[in-house]
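Small disclaimer: the values here were computed from a predicted structure and weren't measured.
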2 protein chains.
Amino acid sequence: MAASDGAWEPGHGPFVDPGLASVVDMDQSIRRRAHPVRPMEHACAPAAAAHEGTFADEWINSRRRGVRRLSFAKARDVVISGSHNRCIYFNHDGWLARYKILHKGSRQILDFVLPGQVFGLPACLFPRAPYSIITITEASVSAIPFDMTDNVFDRDPALAKTLFWSTVQEAAILGEHLTGTGRRSAYERVSHLLLELFVRLNTSHRSGEMTLSIPLTQELIADALGLTAVHVNRTLRALRQDKLIKVDGRSITIVDFEALSRLSDFEKSYLGQAGRFQPRATEPAALGESAARAMEPWGA
Amino acid sequence: MAASDGAWEPGHGPFVDPGLASVVDMDQSIRRRAHPVRPMEHACAPAAAAHEGTFADEWINSRRRGVRRLSFAKARDVVISGSHNRCIYFNHDGWLARYKILHKGSRQILDFVLPGQVFGLPACLFPRAPYSIITITEASVSAIPFDMTDNVFDRDPALAKTLFWSTVQEAAILGEHLTGTGRRSAYERVSHLLLELFVRLNTSHRSGEMTLSIPLTQELIADALGLTAVHVNRTLRALRQDKLIKVDGRSITIVDFEALSRLSDFEKSYLGQAGRFQPRATEPAALGESAARAMEPWGA
DNA sequence: CGATTGATTGAAATAGATCAAGATGCGTGG
DNA sequence: CCACGCATCTTGATCTATTTCAATCAATCG
């Protein structure tokens, strides 16, 4: 499948929503370590992602409604804080981060966008996107035209429900991250993040196999937790020495899930599986089982 | 208008959603300074609140759909973390706080619920509410029965849009608070909070009248900002000495809005006014102007 | 009036930041 | 294939913003 099958021809530099009228807020696009801007790599869509057969079938892999498939290189801004978009995005296979930059240059990562997640909605709903979204790895995404004035709720209830649900999830996660930065120690924060990622990645729970492979640098972890990369480093060392985790390159093994959960007040229920949204007898397969499943990311 | 016009008779102690089946998580209900539990005060609804004539007309002041009006005393839990609810709430006139408690006993306030806001949705959508909600002042609220399996989206599109919108708003605010606790100094955080509350309260902008009257103790401010009450005190003093604010009891005057905005990276656009949701020619008054307006809290 | 809540200030302790310097590893161009 | 540049990780030595502990004072309330 060729990348960029839409009318829009990507150039280079930060991606700007096609048809975007408002001016990009340059003050907001300061990067601390700006990557050289090279022509966008049109990487082909990788092997089937975990979510195939769910949301993708219904909305993403079709050309209906002007959905376009795009590929982004690493460290590319897909949404820029302060701008306005006319598309929401579905992330097929990459990792992205929602983030803000303050005037001092410090960055706060609000959340990571994992494969199978929708993102970019606020950039459509607000006149100015409240945060930027950057790719952490290469990512292929689908851009879905979205116009709230267009009666999406009536025209496309399945999409509306998905967006609603993903926003509820996002709020829950942000709340948890907020209590982390507000009230947890560095040790607790790092523990909590690892557990969260472990659960969200749904890493096959077979036996004690608690290893996750994550594309995050210590700096990214630090920016997500409101810490310094140096301190994240020391904290990881402490966790290693305390025999709670093992680290091998970019892959981390959770040695003592129980202890980590306890010390960091980790309670996975905030990560979805909201038992109220399951397709039931009372709600026949009007929207197709696959779309319904997409409303419960990270499985039940 | 009599308080509690529904079938449910409130008793005392933390409010529990009628029909609630799941067990209340007692570990989560630890209060640091528990208020004595007295019989609930049925304060009559106070003078017309700011939002009258908007959302209230459509949904709240009617008995349709089993909406019940309830009054809560100060420092009462309306939603308890870990429990499950079957109602969402509309806050008529009080202040509330969404919060979490960690095992060490520290509390993080995620956000304040101001008059005119909806709250309690996640407690309906998730099997276990991700956070508690407590009244800061006396508050009269409307409880709106809510069941997601009930096709709310089709049956009640106006309510669905309102909930969707309020969730989007909440996420934006949480994101801003997260970057506060993560990357802003105490000085910046306090400044930012004051500006946010000022804008959200929509305190009549007439001339330089930038005074807001807020029912928050320094401890509440501290818990919202991830700080200590002691340090909030010192920070307020610094802001006073720097001639940025004036404090007189519980009322605070913003002396230099500009300076405060700059130093704290305050950019009010995250507080809504999403120009995409306005009723337009393309979207006739199908849902009534008043309900449409309720989707844009804090005005345009 | 006594009791409790909230504000205020001081002094000491500390978690985490900042600054600095290597070490390691990797991709790219020569 | 090597050498260079750059990103990332690592560790040490300070430094400091904020916490913690403690005490006092004012205001409110039953």
What about R250(B): does its side chain form a donor-acceptor pair under 3.5 Å with the base of dG6(C)? no
The single option from K100(B), H103(B), K104(B) that satisfies side chain to side chain donor-acceptor pair (under 3.5 Å) with D265(A) is H103(B)
Sugar-phosphate only, base, or nothing, as touched by G226(A) at under 4.0 Å among non-hydrogen atoms: sugar-phosphate
Counting only distance, no hydrogens or angles, is the base of dT18(C) paired donor-acceptor with the side chain of R234(A) under 3.5 Å? yes
Regarding T179(B) and R184(B), do their side chains bring together a donor and an acceptor under 3.5 Å, going by distance alone? yes
Within the pair Q218(A) and dA7(D), is there a side-chain N or O less than 4.0 Å away from OP1 or OP2? no
Under 4.0 Å between a side-chain N or O of N233(B) and OP1 or OP2 of dA7(C)? no
Does S106(B) reach the main-chain N or O of L102(B) with its side chain, forming a donor-acceptor pair under 3.5 Å? no
Is the distance from OP1 or OP2 of dT9(C) to the nearest side-chain N or O of R237(B) less than 4.0 Å? yes
With the side chain of S185(A) defined as its heavy atoms from C-beta on, choose the nearest nucleotide among dG16(C), dA7(C), dT18(D). dG16(C)
Are the side chain of T135(B) and the backbone of A73(B) linked by a donor-acceptor contact shorter than 3.5 Å? yes
Rounded to the Å, how far apart are Y187(B) OH and dT18(D) P? 12 Å
Of the candidates dT8(C), dT20(D), dG16(C), the side chain of R240(B) sits closest to dT8(C)
Taking dA20(C), dC9(D), dT20(D) as options, the one with an atom nearest any side-chain atom of V230(A) is dA20(C)
